[in-house]
Amino acid sequence: MRVLVVGARPTGLTAGVELARQGVEVDVIDKRNAASTWSRAVGIQPLSLELLQASGVSDALLSEGTKFHSAKLYRNQSLLTNLPFAVPGEDISFVLGLAQDRTETHLRDALEKFGGRVHYGLELLKLEQTDKFVSVLLDRQEQALSKVEFDYVIGADGTTSTVRDQIGIAFPGFDLPGQWSIADVDAEYWTHPDAFTLCQVDRGNVAIVAPLEENRYRVIATAPDALATLPLRMDVTNVRRAGAFSISIRMAETYQKGRVFLAGDAAHCHSPVGGRGMNLGIADAADLAQRLVDGTGEGYSKHRRAAGKEIIGKSEQARKVITSTNPVIRLGTYVTLKCRSSDLI
Ligand SMILES: Cc1cc2nc3c(=O)[nH]c(=O)nc-3n(C[C@H](O)[C@H](O)[C@H](O)COP(=O)(O)OP(=O)(O)OC[C@H]3O[C@@H](n4cnc5c(N)ncnc54)[C@H](O)[C@@H]3O)c2cc1C
């Protein structure tokens with residue numbers, strides 16, 4: 001069996017690792033010329049660690065990441081409460097914090113250990129399938145186009161997925177109004193270097209701070225300037241990168257057409273509230289890889305769409321409560337987060 005994975009970020013790399021680990025010939029391609037050093041996701045959920053255990057990736061992540069056992073909840077400058085990440089009845093009490101580019105480095109190392117490789121600078125342009133194989137047209141920069149055949153193709157190529165477009169799968173949903181922002185900063189002083197912090201500020205805005213490493217933090221806000229939205233003191237010495245982004249809530253109408261599958265952001269996208277996007281992609285990829293190995297790929301779409309629907313529903317519910325301009329609804333933040341504390345970044 002020969003599989004092409006399009007996209008070499010958390011979802012595609014996980015699919016590559018899990019297939020290569022089980023002896024499948026897999027090629028992972030990405031149109032970028034090199035690995036990204038820009039991290040979006042920070043929180044790695046215990047389920048992702050469990051799924052990446054067999055490959056040895058979990059041990060690598062645990063050796064570098066920081067275990068966060070709780071989140072602090074603020075209303076402007078007032079600390080309201082400390083929310084533990086414990087799941088009742090389960091032996092889960094932490095979220096692992098690690099910059100996404102580091103998570104991807106460990107996945108790539110594992111892929112190479114199992115004999116796979118990421119081909120950077122290789123873009124999928126077109127895709128056609130028969131009931132026996134999938135034929136793809138690839139563009140290697142400054143080289144001739146190549147047409148190659150695979151048994152299966154996995155589209156892990158993000159929200160603007162070419163694979164999804166090529167097989168004509170709709171991506172219904174809606175776009176949230178306004179812009180959110182992100183800043184990756186070095187700071188000499190921050191109140192909670194060992195916890196995630198969520199600050200509710202005026203007009204329904206929220207700022208979230210996640211420690212990345214010693215004196216390095218990720219700030220995400222529901223307004224266009226992340227640092228300006230943060231109501232607490234942070235002594236920033238360097239802004240490594242800052243930017244604004246918009247949010248869409250969407251899900252592919254199916255995750256499979258014939259021999260072509262979608263996983264990760266190519267299949268679903270939602271707000272960063274709950275920090276589930278990357279984790280959902282890792283779970284899609286692990287499930288799909290196992291199904292391709294077992295020959296049960298047909299059940300993938302139904303199973304993972306149900307999981308995606310549930311997570312997106314929870315994330316949206318939490319986003320609406322946390323960012324509500326209605327003070328009565330906002331009062332539900334503590335209860336919402338307490339119920340979903342293991343989902344919170
Ligand atoms: C601000 C922010 C914070 C977030 N925080 C968290 C968090 O704490 N926890 C969490 O779980 N999630 C978080 N997320 C979500 C998470 O970052 C994404 O869900 C995750 O990156 C999706 O990974 P992916 O591999 O599916 O897709 P992507 O990361 O979008 O990667 C797709 C890859 O495909 C490549 N590609 C695209 N088209 C082609 C083509 N035609 N040919 C070849 N290659 C192609 C691209 O170059 C890219 O490298 C956050 C998101 C944002 C925006």
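All values derive from a computational prediction rather than experimental measurement. Each ligand, and each atom within it, is numbered from 1 in the order the structure gives.
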Polar-atom distance check: [X] versus ligand 1, any N or O pair below 3.5 Å?
X      : value
Glu123 : no
Val42  : yes
Ile220 : no
Asp265 : yes
Gly275 : yes
Phe245 : no

**OP:** Would you mind telling me which of Arg40, Arg240, Arg216, Arg241 makes a side chain to side chain donor-acceptor pair (under 3.5 Å) with Asp184?
**Re:**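 Considering Arg40, Arg240, Arg216, Arg241, a side chain to side chain donor-acceptor pair (under 3.5 Å) with Asp184 is found only for Arg216.
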Subject >> Proximal candidate to atom 35 (C) of ligand 1 [heavy atom criterion; set Val28, Leu262, Asp30, Leu98] >> reply: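 Nearest heavy atom to atom 35 (C) of ligand 1 lies in Asp30.
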Subject >> Option nearest atom 51 (C) of ligand 1 (shortest heavy-atom distance, choices Met278, Arg40, Lys126) >> reply: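 Selected option, by shortest heavy-atom distance: Arg40.
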Charged N to carboxylate O under 4.0 angstrom, [X] versus [Y]?
X      : Y      : result
Lys31  : Asp157 : no
Glu310 : Lys314 : yes
Glu64  : Arg102 : yes

Which ligand 1 atoms does [X] reach within 4.0 Å, using its non-hydrogen atoms?
X      : value
Gly7   : 33 (C), 34 (O), 35 (C)
Ala156 : 32 (C), 33 (C), 34 (O)
Val6   : 40 (C), 42 (N), 43 (C), 44 (N)
Thr162 : 41 (N)
Gly43  : 8 (O), 9 (N)
Thr11  : 23 (O), 24 (P), 25 (O), 26 (O)
Asn279 : 10 (C), 11 (O)
Ile182 : 1 (C)

Donor on one side chain, acceptor on other, [X] and [Y], under 3.5 Å:
X      : Y      : answer
Thr323 : Thr222 : no
Tyr217 : His192 : no
Asp186 : Thr237 : no
Gln256 : Glu298 : yes
His268 : Asp284 : yes
Asn82  : Ser70  : yes
Arg75  : Gln200 : yes

Subject >> Contact check, Leu122 vs ligand 1, heavy-atom distance below 4.0 Å >> reply: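 Leu122: in contact with ligand 1 (<4.0 Å).
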Original post:
At a 4.0 Å cut-off, with the gap strictly under it, does some heavy atom of Ala41 reach an atom of ligand 1?
Top reply: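 It does, in that a heavy atom of Ala41 comes within the 4.0 Å cut-off of ligand 1.
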Original post:
Any idea which part of Arg276 is under 4.0 Å from ligand 1, heavy-atom wise: side chain, backbone, both or neither?
Top reply: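 Answer for Arg276: backbone.
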Original post:
Should the proximity of Cys269 to ligand 1, defined as any heavy atom under 4.0 Å, be assigned to the side chain, the backbone, both, or neither?
Top reply: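 Neither; no heavy atom under 4.0 Å.
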**OP:** Assess Arg233 against Tyr189: is NZ or CZ under 6.0 Å from the centre of the six-membered ring, and within 45 degrees of the ring's axis?
**Re:**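 The answer is yes; both the distance and angle limits are met.
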